[in-house]
Colleague: 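Sharing a structure below in structure tokens format, with a few things to ask.
For clarity, every value in this text was computed on a predicted model and none was experimentally measured. Read the numbers this way: they start at 1 and go in the same order the structure lists the ligands and their atoms.
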Amino acid sequence: MNVRSEFPALAQSVHGKPLVYLDSAATSQKPRAVIDAISHFYERDNANVHRGVHALAERATAQLEDARSTAQHFINAARPDEIVFLRGVTEAVNLVANSFLSERDEIVVTALEHHSNLVPWQRSGVKVRVAGVDERGDLRFDELEKLIGPRTRLVAAAHVSNALGTINPVARIVELAHSRGVPVLLDGAQAAPHLAVDVQRLDCDFYAFSSHKMYGPMGIGVLYGKAALLDAMRPWQSGGEMVQTVSFDSATYQKPPYKFEAGTPDVAAAVGLKAAIEWLSGKKGLLEYEQSLLQYGLGLLREIPGVRLLGAPRERIGVISFTLEGVHPHDVGTILDQEGIAVRTGHLCAQPLLKRLGETAVVRASLAAYNRREDLDALAAGLRKVRETFA
Ligand SMILES: Cc1ncc(COP(=O)(O)O)c(C=O)c1O
């Protein structure tokens, strides 16, 4: 995919070497179209939204709502008011944990979850039950089936694992949970940049994604919720924007999504997200391209002595986690950095999963539209250098 030149950040050198960016699962780089859209907003249209009657306020409001309908169509939600703008998946999960659950509830998650789809549930006081993974890093569906019981109020699962790249069988998960009358939240942080998402076809009840992982700006993300569920949920944060009437004693609230969008939203980020969705939607064949890169990268890493690949999920996206025998992942990452290669090292915000797979820290290389085979060649060469350094 010939898009690299559209990403200004990729043109730089790091430690005197051309940057090889293999950390897109943490956050992606941004194309010029997104950067320009944000600059343009601040240069021309900046104003607060939903309040003013002046031209700039009307323009800014129109752009925010335009971004909402772009996000709606991106995931094929039925209505724009099913799209709540928040800071990202973390905030979306916190919102649902606070507004949808009560302390006596149980929820079921998978062992593949990012901390963001685990810790907020724990903190909300509900009982969290966990369906495990097999040694390949695939969900144990049989465990999930056993865990969903009469007290289960929600199933919350990653669409795609940030640590192993596993694509969860989300349609089956929704079907199973619904057959027992249980709604489903899908964490789409790692899916939205790579897979087509259709929330009506999936029939999931909530779907969350973060702009910054899909070529958009940081600071904004989406919680999709079915209208009836959002309508019944209590507000979480409160203040301006989310109210209809206010007295000194009490307040009445707006309808969703505004009921969940207290305070001034990040309008420029919404504008950037819209540009990112438009950019991404124009990239036909992206998944196939990333899959061929993934296979190429796996082939290269398998040939390096001492590399242990973590998991081998049957369906996966371009995420490769591994260890190098005798070298701490942080040392691997530091030496690669000296070669201009950016990878993730550590627990990947998935400590329970790593523990289950027998590791505490790993190295992760993750792919995006702008990566090329040369990037993976550079990674393989860098890893051979690490081995030589520690020989
Ligand atoms: C699978 C998954 N879920 C949730 C998150 C949290 O997303 P954010 O930090 O944008 O809220 C991440 C970020 O790495 C992730 O990979």
Colleague: Can you name the atoms of ligand 1, numbered from 1 with element, that are less than 4.0 Å from a heavy atom of H212?
Modeller: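 Heavy-atom distances to H212 below 4.0 Å select 8 (P), 10 (O).
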Colleague: List every atom of ligand 1 that sits less than 4.0 Å from any heavy atom of T90, numbering the atoms from 1 in the order shown and giving each element.
Modeller: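 Those of ligand 1 that fall under 4.0 Å from T90 are 6 (C), 7 (O), 8 (P), 9 (O), 11 (O).
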Colleague: Quick one: look up the protein heavy atom nearest atom 6 (C) of ligand 1 and list residue, atom name and how far away it is.
Modeller: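 The protein heavy atom lying closest is S116 OG, 3.4 Å.
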Colleague: With a 4.0 Å cut-off on heavy atoms, does D187 reach ligand 1?
Modeller: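 Flag set, D187 near ligand 1.
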Colleague: Hey, is D134 close enough to R136 for a salt bridge, meaning N to O under 4.0 Å?
Modeller: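 No, this pair does not count.
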Colleague: To which protein heavy atom is atom 7 (O) of ligand 1 closest, and what is the distance rounded to 0.1 Å?
Modeller: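 Scanning the protein heavy atoms, the shortest distance from atom 7 (O) of ligand 1 goes to S210 OG, 3.7 Å.
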Colleague: Does some side-chain heavy atom of S28 sit less than 4.5 Å from a side-chain heavy atom of H212?
Modeller: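 Not touching, per the 4.5 Å side-chain cut-off.
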Colleague: Using 30° and 60° as the class limits, which term best fits the ring planes of W279 and Y215: parallel, tilted or perpendicular?
Modeller: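 Correct class here is tilted.
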Colleague: So which protein heavy atom does atom 16 (O) of ligand 1 come closest to, and at what separation?
Modeller: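 Ranked first by proximity to atom 16 (O) of ligand 1 is Q190 NE2, 2.7 Å.
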Colleague: Heavy atom to atom 5 (C) of ligand 1, shortest distance: which of H114, E113, H159 holds it?
Modeller: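 Nearest option to atom 5 (C) of ligand 1, by heavy atoms: H114.
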Colleague: Is K213 near ligand 1, meaning one of its heavy atoms is under 4.0 Å from it?
Modeller: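 A heavy atom of K213 does come that close to ligand 1.
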Colleague: Looking at Y370, does the NZ or CZ of R4 lie under 6.0 angstrom from its six-membered ring centre and within 45 degrees of the ring axis?
Modeller: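 No cation-pi geometry.
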Colleague: Tell me whether R172 forms a cation-pi arrangement with F141, defined as NZ or CZ under 6.0 Å from the six-membered ring centre and within 45 degrees of its axis.
Modeller: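 Here R172 passes the 6.0 Å and 45° test against F141.
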Colleague: Would R153 pass as a cation-pi partner of F100, given that its NZ or CZ must be under 6.0 Å from the six-membered ring centre and within 45 degrees of the axis?
Modeller: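 So R153 does make the cation-pi contact.
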